[in-house]
There are 2 protein chains.
Amino acid sequence: MNKKYMMIYRDVIGKIEKGEYEANTFLPSENELVLQYDTSRETVRKALNLLSQNGYIQKIRGKGSIVLEIKRFNFPISGLVSFKELSKQLGRSSKTVVEKLKIIKPDLFLATQLETDEEDEVWEVVRVRHIGDERIILDKDYFKKKCVPDLTIKICEESIYEYIEKTLCLEIGYAKKVISVQEATEEDKQYLDLHHYNMVVVVQNYVYLNDTTLFQYTESRHTPDKFKFVDFARRNY
Amino acid sequence: MNKKYMMIYRDVIGKIEKGEYEANTFLPSENELVLQYDTSRETVRKALNLLSQNGYIQKIRGKGSIVLEIKRFNFPISGLVSFKELSKQLGRSSKTVVEKLKIIKPDLFLATQLETDEEDEVWEVVRVRHIGDERIILDKDYFKKKCVPDLTIKICEESIYEYIEKTLCLEIGYAKKVISVQEATEEDKQYLDLHHYNMVVVVQNYVYLNDTTLFQYTESRHTPDKFKFVDFARRNY
DNA sequence: GAGTGGTCTAGACCACGGA
DNA sequence: CCGTGGTCTAGACCACTCC
């Protein structure tokens, strides 16, 4: 990547994480950053806007850009973060057990969710996420076979996203999530340590490629006591 | 507002909503928009990036910008949308009942949430949101009194945000949400139509002003069956 | 008044898609 | 090849904060 604004963005994040820029202090001004990185102001501003959108800084007109400390609390589910990246940040022992991996013809519900028809073959991947010694998430992934021709248990145990992006070179464009609470099904009770709970938190995830084709539908079914979703929002519009 | 990119942004949204630009078709190219709006390309691009971030379009290099149809499904809780804006979009009868409105000294928990001390006075506003004839949300809002000196029942029944932004002219910068599921308290059972449910979905909301001061902490406690959170995410970084 | 961030311009070169 | 979007530049003027 030659992108200057991305280099600056990452460099500033690095300095924030290393403590070189401390929380609640000002970053160098935009004009100073122009000199430091030998670039133009609009390029510096692109980097700063990224930092602002992602919760690293707050820009205040006439004063400067303050480093926020909020970022460290952000449980990184908001967005397209995979379980592998997640457990790394949590720093707890975790594993993924693949319970099912097969090609199916979707039923009517699934065909609707995937915006396709019942003849279009689909990979079904059912995985259980363990953290510590508890089974806390039941992930049911469905990929269009024409987008993802091959899948192996090994890939599913590691990161499917890494495989899709790095090996298949598919570019993920955007995703829509719907979070709701549902009564636990027999399947939930079989695969999860629900204890006395009779409900699960369901995160439905629709993932689209850069060319706007829907290629994945996922249901993440969480034990209610371990579920936590953090979201950072900015008054944009 | 003189901001050209914002005018273009809103104008294009209008045309999408009126059907002038149809879903799954291309917008005019950036160069065409430059001519149409008599402006520079970077300004057009600022507008298009806003549209992209908010789920209206997908930009494809070498081809153009496609109008997405996803936007109409976006239940607008993601972000800082107030109940009033929300019920308008749902088009269902709704009302807000103010159950409590008083100044308190925060207990330790609340003082921690508001990043203040137990001597700093706080407005406590407890409201119940009705949609149709069911009580579905219990909103417990806490505002720092030094930020919001006066509150009335009338303001609380309408939109506190409108009052804060339009009358007090406080500028909201960003917010952090935490969604979790908890056992229902006696208070929840008293104020909500929980039926047989014994759990509630809790949305904790920390709202910061432009100058990074935290001025509000809110707990929205939802009946599980009516809870739904939709999130649109883009693979940025 | 000096310094900050916010907006805007008129160019430039590049990478990609499709004919 | 041309048209598309992606990046970058070197300037300009404005609104705001603080002294």
Side-chain angles (χ1 to χ4, degrees), chain A residues 1-12 21 24-53 56-68 169-171 173-174 209-213 234-237, chain B residues 1-12 21 24-53 56-68 169-171 173-174 209-213 234-237:
Chain A
M1 297 262 215
N2 284 331
K3 292 183 281 182
K4 263 192 182 179
Y5 75 89
M6 194 54 73
M7 306 292 291
I8 300 172
Y9 171 63
R10 284 201 248 263
D11 192 57
V12 173
Y21 296 142
N24 301 313
T25 66
F26 285 97
L27 284 186
S29 76
E30 294 181 353
N31 287 318
E32 279 181 70
L33 291 172
V34 164
L35 297 176
Q36 281 185 29
Y37 292 99
D38 187 29
T39 184
S40 68
R41 200 169 144 226
E42 284 289 6
T43 301
V44 165
R45 285 177 55 73
K46 272 184 193 167
L48 294 186
N49 283 335
L50 262 188
L51 290 164
S52 167
Q53 280 165 24
Y56 289 99
I57 63 169
Q58 173 73 16
K59 311 184 83 177
I60 305 177
R61 194 209 299 251
K63 296 181 79 174
S65 298
I66 295 185
V67 178
L68 299 180
C169 292
L170 295 179
E171 282 182 26
Y174 56 96
L209 299 177
N210 254 354
D211 63 1
T212 77
T213 58
R234 209 161 256 291
R235 194 70 155 174
N236 275 326
Y237 58 109
Chain B
M1 298 261 214
N2 283 331
K3 292 183 280 182
K4 263 193 182 177
Y5 75 89
M6 193 54 74
M7 306 291 291
I8 299 172
Y9 171 64
R10 284 201 248 263
D11 192 56
V12 173
Y21 296 142
N24 301 313
T25 66
F26 284 97
L27 284 186
S29 76
E30 294 182 353
N31 286 319
E32 280 180 69
L33 292 172
V34 164
L35 298 177
Q36 281 186 28
Y37 292 100
D38 186 30
T39 184
S40 69
R41 200 168 144 228
E42 284 289 5
T43 300
V44 165
R45 285 177 55 73
K46 272 184 193 166
L48 294 186
N49 284 335
L50 262 189
L51 290 164
S52 168
Q53 280 165 23
Y56 288 99
I57 63 168
Q58 173 72 17
K59 310 183 83 178
I60 305 178
R61 192 211 297 252
K63 297 183 78 175
S65 298
I66 296 185
V67 178
L68 299 179
C169 292
L170 295 178
E171 283 183 25
Y174 55 95
L209 299 178
N210 253 354
D211 63 1
T212 78
T213 58
R234 209 161 256 291
R235 194 72 156 174
N236 275 326
Y237 54 109

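Sequence lines set the chain letters: A, B, ... in the order given, protein chains first and strands last, and positions in each chain run from 1.
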- Message: Just to verify, what does A:Ser29 make a side-chain hydrogen bond (donor to acceptor under 3.5 Å, both in side chains) with, not counting sequence neighbours?
- Response: none

- Task: Keeping to residues at least two apart or across chains, list the side chain to side chain donor-acceptor pair (under 3.5 Å) pairs with something in residues 58-67 of chain A.
- Result: A:Glu30-A:Lys59, A:Gln58-A:Arg234, A:Gln58-B:Asn210

- Whole angstrom value for the distance that separates P of C:dT4 from CG of A:Leu33: 10 Å

- salt bridge (charged side-chain N to carboxylate O under 4.0 Å, His left out) with A:Asp211: which residues, sequence neighbours excluded? none

- Could you run through nucleotides 3-9 of chain D and give me one letter per nucleotide, 5' to 3': B if any protein heavy atom sits under 4.0 Å from the base, S if only the sugar-phosphate is that close, - if neither? BBBBBBB

- Length of the CG-C1' vector between A:Leu51 and C:dG5, whole Å: 15 Å

- Measure from CG on A:Asp211 to C1' on C:dC16 and round the result to the nearest Å. 14 Å

- Message: Test of understanding: with side-chain hydrogen bond (donor to acceptor under 3.5 Å, both in side chains), list the residues that count as partners of A:Tyr21, not counting sequence neighbours.
- Response: none

- Message: Among residues at least two apart in sequence or on other chains, which ones pass side-chain hydrogen bond (donor to acceptor under 3.5 Å, both in side chains) with B:Thr43?
- Response: B:Ser40

